[in-house]
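Worksheet: the structure to be examined is printed underneath.
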Amino acid sequence: MQSSLTVRAGLLSVLILGAFLALWQFSVMGVGQTTAMDPEYARLMGLTATTGKSALPGPMDVGRALWGHLSDPFYDNGPNDKGLGIQLAYSIGRVLIGYSLAIIVAIPLGFLIGMSPLISRAVDPFIQILKPISPLAWMPLALYTIKDSALSAIFVIFICAIWPMLINTAFGVAAVRKEWINVARTLEVGTLRRAFTIILPAAAPTILTGMRISIGIAWLVIVAAEMLVGGTGIGYFVWNEWNNLSITNVIIAILVIGVVGMVFDMVLARLTRLVTFPE
């Protein structure tokens, strides 16, 4: 039954994708429309300055350009001309570093907050003040103090990824059944051992849910951060291609950003299912 549902869902997804691509192709054909483009703009867009074609590239144009990027993703022709693979690698590296730092800080601190009502009440005002601040609002301060655009982007990832993990960890730890904690205390199980053998397994699904939310936010923010700081990264690639009026490459970058974000989410979703429903 489950496999049948998976097959039908896959077929429906393919049909939806096909319908979307067909509609997209039809909409850019521009039947009966005329375009009056500057010749240089038309050259950059890969179009002609004649009539009968939309300035927006169609799926076939995007597919051809995407194949060109995939055939040589790691070329390096200077600061403003690097392959899509290089740009993506820089962004993924920054996200993983900032995200790992957030894990190192958020999970132990979340355990401490969840296990101690006193500390929870003491730090809650600070969390409530800092949590709503947009991560990009920290960028000017980071650039001023750190004086390095790459490290500033990592700091922004850290500051945006820490809150969902911290809050979910604290909630998961605090929600562990008190009976289990009382039994462990009766058996004179030490605090550290109790945290690893009782609290962590019980709170793991909630913690991983926070980690899953955090990675999505981190990947979203890195694109905006790289647009601001420039240099390298998929966000800078989007902005640079827009400045070059290459809408085809902008669409490709958007597609790649979505695919990578989906992969991140799928990995953590798989880990969450393994913890919640161990095989």
Side-chain angles (χ1 to χ4, degrees), residues 62-63 65-107 134-136 138-139 142-143 146-166 168 207-244 246 248-274:
V62 173
L66 178 60
W67 177 254
H69 284 290
L70 295 178
S71 62
D72 188 14
F74 298 105
Y75 73 86
D76 189 349
N77 294 331
N80 294 322
D81 190 11
K82 299 182 186 294
L84 190 60
I86 293 178
Q87 304 285 20
L88 199 58
Y90 274 104
S91 296
I92 292 175
R94 289 168 185 150
V95 166
L96 292 181
I97 293 172
Y99 183 73
S100 299
L101 292 173
I103 291 174
I104 292 171
V105 173
I107 293 181
S134 169
L136 295 181
W138 293 96
M139 182 60 77
L143 289 171
I146 300 174
K147 303 187 187 320
D148 184 277
S149 59
L151 292 178
S152 298
I154 291 171
F155 171 77
V156 169
I157 294 304
F158 166 80
I159 206 70
C160 77
I162 193 172
W163 304 118
M165 279 190 281
L166 176 64
N168 273 46
I207 295 172
L208 282 169
T209 299
M211 293 173 64
R212 185 178 176 184
I213 296 170
S214 290
I215 195 65
I217 295 174
W219 185 241
L220 184 149
V221 169
I222 191 61
V223 176
E226 288 172 345
M227 285 183 178
L228 289 177
V229 301
T232 53
I234 193 67
Y236 171 73
F237 178 83
V238 172
W239 193 248
N240 189 52
E241 294 304 317
W242 162 246
N243 289 332
N244 293 333
S246 180
T248 301
N249 284 335
V250 171
I251 294 174
I252 289 172
I254 291 171
L255 177 63
V256 170
I257 290 167
V259 170
V260 173
M262 181 184 69
V263 171
F264 280 145
D265 185 75
M266 289 174 62
V267 170
L268 284 169
R270 177 62 177 168
L271 290 175
T272 303
R273 284 195 296 270
L274 288 176

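Values in this document were obtained by computation on a predicted structure and should not be read as measured data.
- Every residue two or more places apart in sequence or in another chain that forms a side chain to side chain contact (heavy atoms under 4.5 Å, CB included) with Y236 is listed here: N80, Q87, N240.
- I213 CD1 to L268 CG: the interatomic distance, rounded to the nearest 0.5 Å, is 11.0 Å.
- Side-chain contact check for I157 versus W219: every heavy-atom pair is 4.5 Å or farther apart.
- Interatomic distance, T248 OG1 to H69 NE2, rounded to the nearest 0.5 Å: 8.5 Å.
- Counted within 6.0 Å of CZ on F264, heavy atoms from surrounding residues, nucleotides or ligands total more than 12; the atom is thus considered enclosed.
- Remark: W239 CH2 is loosely packed, at most 12 non-hydrogen atoms of other residues, nucleotides or ligands lying under 6.0 Å away.
- Of the inter-residue distances, the one linking I162 atom CD1 with I217 atom CD1 reads 12.5 Å to the nearest 0.5 angstrom.
- Atoms CG and CZ, on L143 and F155 in that order, are 10.5 Å from each other to the nearest 0.5 Å.
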Legend entry - Pair Y99-M211, side-chain contact (heavy atoms from CB on, under 4.5 Å): steps then yes or no: CA-CA 9 Å; Y99 183 73; M211 293 173 64; 3.1 Å; yes
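- For D265, the side chain to side chain contact (heavy atoms under 4.5 Å, CB included) criterion is met by R212, not counting sequence neighbours.
- Qualifying salt bridge (Lys or Arg N to Asp or Glu O under 4.0 Å) partners for D72, counting only residues two or more places apart in sequence or in other chains: none.
- Taking CG of L66 as the reference point, atom OG of S71 lies at 9.5 Å (rounded to 0.5 Å).
- Here CD1 of I154 is found 10.0 Å from OG of S149. Values are rounded to the nearest 0.5 Å.
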